[in-house]
Each structure stands twice: as structure tokens, then as C-alpha cells.
Amino acid sequence: LVVIIADFFILIALNSRIKSRDFIKMKMFLLLIITIVSLCGLLKAEESGKHLFILSGQSNMARFKPDLWFTPEISQALGADNVIVSFHAKGGQPISKWYKEWKSSKGETDPDAGKIYDAMMEVTQTKIDGEKIQTVTFIWMQGEADSKAQNSDVYLASLNGLKKQLEEDLQRTDINFIIGRLSDSGFFRRRDKKRVENLHWEEIRKAQQSFADASQRAVWVDTDDLNGHKNALHLIKPDGYSMLGERYVDAALKLLDGK
């Protein structure tokens, strides 16, 4: 662009029919264009960097395959070179395995608190080493174990604690959160699929919704229709997980767009 403008100046200078006053006006106008273009370049450079997605949770996340059901679509939308996906999940684990300061309402603690979180962050740090990160989105699918252990009363506080933990370790307060809300599986008895009350299951679902609804940078994703007509604990494979992946991608893009 600079070379083209320079050539344009030369052509103007060679044209004796253009008055000096008009030439000065043209010169000032073109210099203004150069300044605007340069500023746009600087702004673009400041916004550059990759989009980091961290996926974690227990069984319904452990059974999820990002390489099939998330990475291809998010890469198509944002560009493969602009995306980093970090994945670490383990079935049957309570949120205390991520939140290091977890404590039950009775004051109980977990001697292995934060163990899975540390492994997750180790995988993530390896992937982002030397990279400039523009945005971070944390995708979470967990809660069954906390319902079973009847620790729903501290789940929301634990989610907020996990959020703070991530913010401190990643040194940023603009992390996006996507919560795959517990399905309706817990409301159906396994042996005969009769609908039953499950207070702790319901309270964890509410906690996940409350967490997401409290921030413009968070959203919860419905999974009630993804576990089949038997309302199984695990989602249908592969269709249920594939559809969940589509919802993750859709939610992520909306959060990145600020919608």
C-alpha cells in the first residue's frame, strides 16, 4: 500500500497541471489514509492470538471425543491455526478433584483435592507453551458424583471456586464457561425407569444453571434429549455426543462474539 501511494505522489508531482495547493491537499489526505491503515494494523495485532478451549469433567466428558465432535467444527469456524483444544477428563470423579479448596457442608475435605485439575493444567500448559492466547473457553460436564455423594449444597460454591482457580492460574478474568448441564437421568430409577424424586440431582442442575446465568461469559447447555428413551446415565453414542459437540461449538462461538 505504501509503495502504491508513493508512486501516486510521483505521478502527481510530474503532472504540472495540478496546482501546488491541490497537491498539498491530496498529500494530506493520503497521509491520513496511511495513518488509519497503520492504526488498524496495530489494533489487529493486539487482537491476534489463538483461541484456547479446555474440556474437562467426568464420565460424559470422558466419553466425549473432541477430535470427532468438537475440534473440526470449531476449527472450521475460527481457522485451524487459530485454535488450541486441551482435553482431560475422568469418569466417576467429584468436583473436589478439580477444586483444590473443596469442603463439604460438614467441613470434610478431600486429600486428593485438585489432583485431576493439576493433570488437566499440565496438559494445557504443554499445548499453550510459547503461544499467544487471545481467548480462553472452559467446557465442563460433571456433577453425577457430587449428586451421589449428596454434596449438592456446596456445588455452586465449588464451581465458583474452580472459576477463580482457573482465573488465577491462567492470569485472566475473561474466561468463557460452557456447562453441559446434568441430563434428566437422575430422575429415573435404573431398574424400571420409573420417575422418582432426586433432590441432590435437581439441586446440582440448578447450581449449574445459576452459575451460568450469573455471568455474561457463561452459558449452560441442555442434554436432556441426548441420553435416549431410557434416560440413561451416559449419552447415546455417537449421536448424543455428536449433538452435544454441536451445541458446545454453537455456544462457544456465541460467547466469543459476545452474544
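By convention here, the first residue in the shown sequence is residue 1. Excluded from the calculations below are hydrogen atoms, water molecules and symmetry mates; all remaining heavy atoms, backbone and side chain alike, are included.
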Q. Where do Met243 and Leu235 land on the side-chain contact (heavy atoms from CB on, under 4.5 Å) test, with the steps shown first?
A. CA-CA 10 Å; Met243 291 179 66; Leu235 308 187; over 6 Å; no

Q: Test side-chain contact (heavy atoms from CB on, under 4.5 Å) on Met61 and Phe87 and set out the steps.
A: CA-CA 9 Å; Met61 181 61 84; Phe87 176 79; 3.8 Å; yes

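Atom OG1 of Thr124 sits about 9.5 Å away from atom NE2 of His88, to the nearest 0.5 Å. Considering OG of Ser158 and CD1 of Ile95, their distance stands at 5.0 Å, rounded to 0.5 Å. In this structure, the separation between CE on Met141 and CD on Gln208 is 7.5 Å, given to the nearest 0.5 Å. Separation of atoms CG (Leu159) and CZ (Phe177) is listed at 9.0 Å; rounding is to 0.5 Å. Going from atom CG of Asn160 over to atom CZ of Phe211 covers 5.5 Å, rounded to the nearest 0.5 Å. Residue Leu52 holds its CG atom at 15.0 Å from NZ of Lys132, rounded to the nearest 0.5 Å.
With sequence neighbours left out, Asp81 forms a salt bridge (Lys or Arg N to Asp or Glu O under 4.0 Å) with no residue at all. Residues passing the side-chain hydrogen bond (donor to acceptor under 3.5 Å, both in side chains) test with Gln76, sequence neighbours excluded: none. Under the side-chain hydrogen bond (donor to acceptor under 3.5 Å, both in side chains) criterion, Lys127 pairs with no residue at all, not counting sequence neighbours. Among residues two or more places apart in sequence or in another chain, the salt bridge (Lys or Arg N to Asp or Glu O under 4.0 Å) test is passed with Asp250 by Lys254. Qualifying side-chain hydrogen bond (donor to acceptor under 3.5 Å, both in side chains) partners for Ser185, counting only residues two or more places apart in sequence or in other chains: none. Shown here are the side-chain contact (heavy atoms from CB on, under 4.5 Å) partners of Ser152, two or more places apart in sequence or in another chain: His200, Glu203, Ile204. For Glu131, the salt bridge (Lys or Arg N to Asp or Glu O under 4.0 Å) test picks out Lys50, with sequence neighbours left out. Looking at residues two or more places apart in sequence or on another chain, you find a side-chain hydrogen bond (donor to acceptor under 3.5 Å, both in side chains) between Asp192 and Arg189.
Side-chain contact annotation: Gln58 with Gln93, donor-acceptor N/O pair under 3.5 Å absent. Between the side chains of Thr137 and His51, not a single donor N or O lies within less than 3.5 Å of an accepting N or O.
The backbone N or O of Gly49 lies less than 3.5 Å from a partner atom in the side chain of Gln134, making a donor-acceptor pair.
The side-chain heavy atoms of Ile84 and Ile133, taken from C-beta on, include a pair separated by under 4.5 Å. Under the 4.5 Å side-chain criterion, counting only non-hydrogen atoms from C-beta, Phe53 is not in contact with Val249. Two residues are said to be in side-chain contact when any heavy atoms from C-beta on lie closer than 4.5 Å; Lys100 and Asp118 meet this criterion. In this structure, Asp213 and Trp220 have side chains that are in contact, with non-hydrogen atoms separated by less than 4.5 Å. Leu170 has its side chain within reach of Ile54: a pair of non-hydrogen atoms, C-beta onward, lies under 4.5 Å apart. Put simply, the side chain of Leu78 reaches to within 4.5 Å of the side chain of Leu256, judged on heavy atoms. Residues Ser147 and Asn198 are in side-chain contact: their nearest non-hydrogen atoms beyond the backbone lie under 4.5 Å apart. Taking 4.5 Å as the limit, every side-chain heavy atom of Trp98 sits out of range of all side-chain heavy atoms of Met121.
More than 12 heavy atoms of other residues, nucleotides or ligands lie within 6.0 Å of CD in Glu202, so this atom counts as buried by the packing criterion. Other residues, nucleotides and ligands contribute only 12 or fewer heavy atoms inside 6.0 Å of the CD atom of Glu122.
Under the 4.5 Å side-chain heavy-atom criterion for ILVMFWY residues, a single connected hydrophobic cluster contains both Leu253 and Leu244. Leu182 and Ile178 sit in two unconnected hydrophobic clusters of ILVMFWY residues. Membership requires side-chain heavy atoms under 4.5 Å apart, directly or through other members. In the hydrophobic clustering of ILVMFWY residues, with side-chain heavy atoms under 4.5 Å counting as a link, Ile128 and Leu55 come out apart. Note on Ile236 and Phe188: separate hydrophobic clusters, where clusters join Ile, Leu, Val, Met, Phe, Trp and Tyr whose side-chain heavy atoms are under 4.5 Å apart, directly or indirectly. Note: the hydrophobic cluster containing Val219 does not contain Leu166 (ILVMFWY, side chain heavy atoms under 4.5 Å, direct or indirect links).
The nearest pair of heavy atoms linking Ala207 to Leu156 is O-CD1, 3.5 Å. Contact detail for Phe138 and Met120: the closest heavy-atom pair is CE1-SD, 3.7 Å. Across every non-hydrogen atom of Val123 and Ser86, the tightest pair is CG1-OG, 3.6 Å.
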Donor-acceptor list for residues 223-231 side chains, cut-off 3.5 Å, not counting sequence neighbours:
{"unit_1": "Thr223", "atom_1": "OG1", "unit_2": "Arg181", "atom_2": "O", "d": "2.7"}
{"unit_1": "Thr223", "atom_1": "OG1", "unit_2": "Ser183", "atom_2": "N", "d": "3.3"}
{"unit_1": "Asp224", "atom_1": "OD1", "unit_2": "Asp184", "atom_2": "N", "d": "3.0"}
{"unit_1": "Asp224", "atom_1": "OD1", "unit_2": "Arg205", "atom_2": "NH1", "d": "2.9"}
{"unit_1": "Asp224", "atom_1": "OD2", "unit_2": "Arg181", "atom_2": "NH2", "d": "3.0"}
{"unit_1": "Asp224", "atom_1": "OD2", "unit_2": "Arg205", "atom_2": "NH2", "d": "3.3"}
{"unit_1": "Asp225", "atom_1": "OD1", "unit_2": "Arg247", "atom_2": "NH1", "d": "3.0"}
{"unit_1": "Asp225", "atom_1": "OD1", "unit_2": "Arg247", "atom_2": "NH2", "d": "3.4"}
{"unit_1": "Asp225", "atom_1": "OD2", "unit_2": "Arg247", "atom_2": "NH2", "d": "2.8"}
{"unit_1": "Asn227", "atom_1": "ND2", "unit_2": "Ser183", "atom_2": "OG", "d": "3.3"}
{"unit_1": "Asn227", "atom_1": "ND2", "unit_2": "Asp184", "atom_2": "OD1", "d": "3.2"}
{"unit_1": "Asn227", "atom_1": "ND2", "unit_2": "Ala232", "atom_2": "O", "d": "3.1"}

Show me the side-chain donor-acceptor pairs of residues 63-74 shorter than 3.5 Å, one per line, residues at least two apart or across chains.
{"unit_1": "Arg63", "atom_1": "NE", "unit_2": "Tyr241", "atom_2": "OH", "d": "3.0"}
{"unit_1": "Thr71", "atom_1": "OG1", "unit_2": "Pro66", "atom_2": "O", "d": "3.3"}

Can you give me every donor-acceptor pair (side chain of residues 108-117, partner residue at least two apart or in another chain, under 3.5 Å) with its distance?
{"unit_1": "Glu108", "atom_1": "OE1", "unit_2": "Ser104", "atom_2": "OG", "d": "3.1"}
{"unit_1": "Asp110", "atom_1": "OD1", "unit_2": "Asp112", "atom_2": "N", "d": "2.8"}
{"unit_1": "Asp110", "atom_1": "OD2", "unit_2": "Ser96", "atom_2": "OG", "d": "2.7"}
{"unit_1": "Asp110", "atom_1": "OD2", "unit_2": "Lys97", "atom_2": "NZ", "d": "2.7"}
{"unit_1": "Tyr117", "atom_1": "OH", "unit_2": "Gln165", "atom_2": "O", "d": "3.4"}
{"unit_1": "Tyr117", "atom_1": "OH", "unit_2": "Asp169", "atom_2": "OD2", "d": "2.6"}

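The salt bridge (Lys or Arg N to Asp or Glu O under 4.0 Å) analysis of residues 143-165, with sequence neighbours excluded, yields no pairs.
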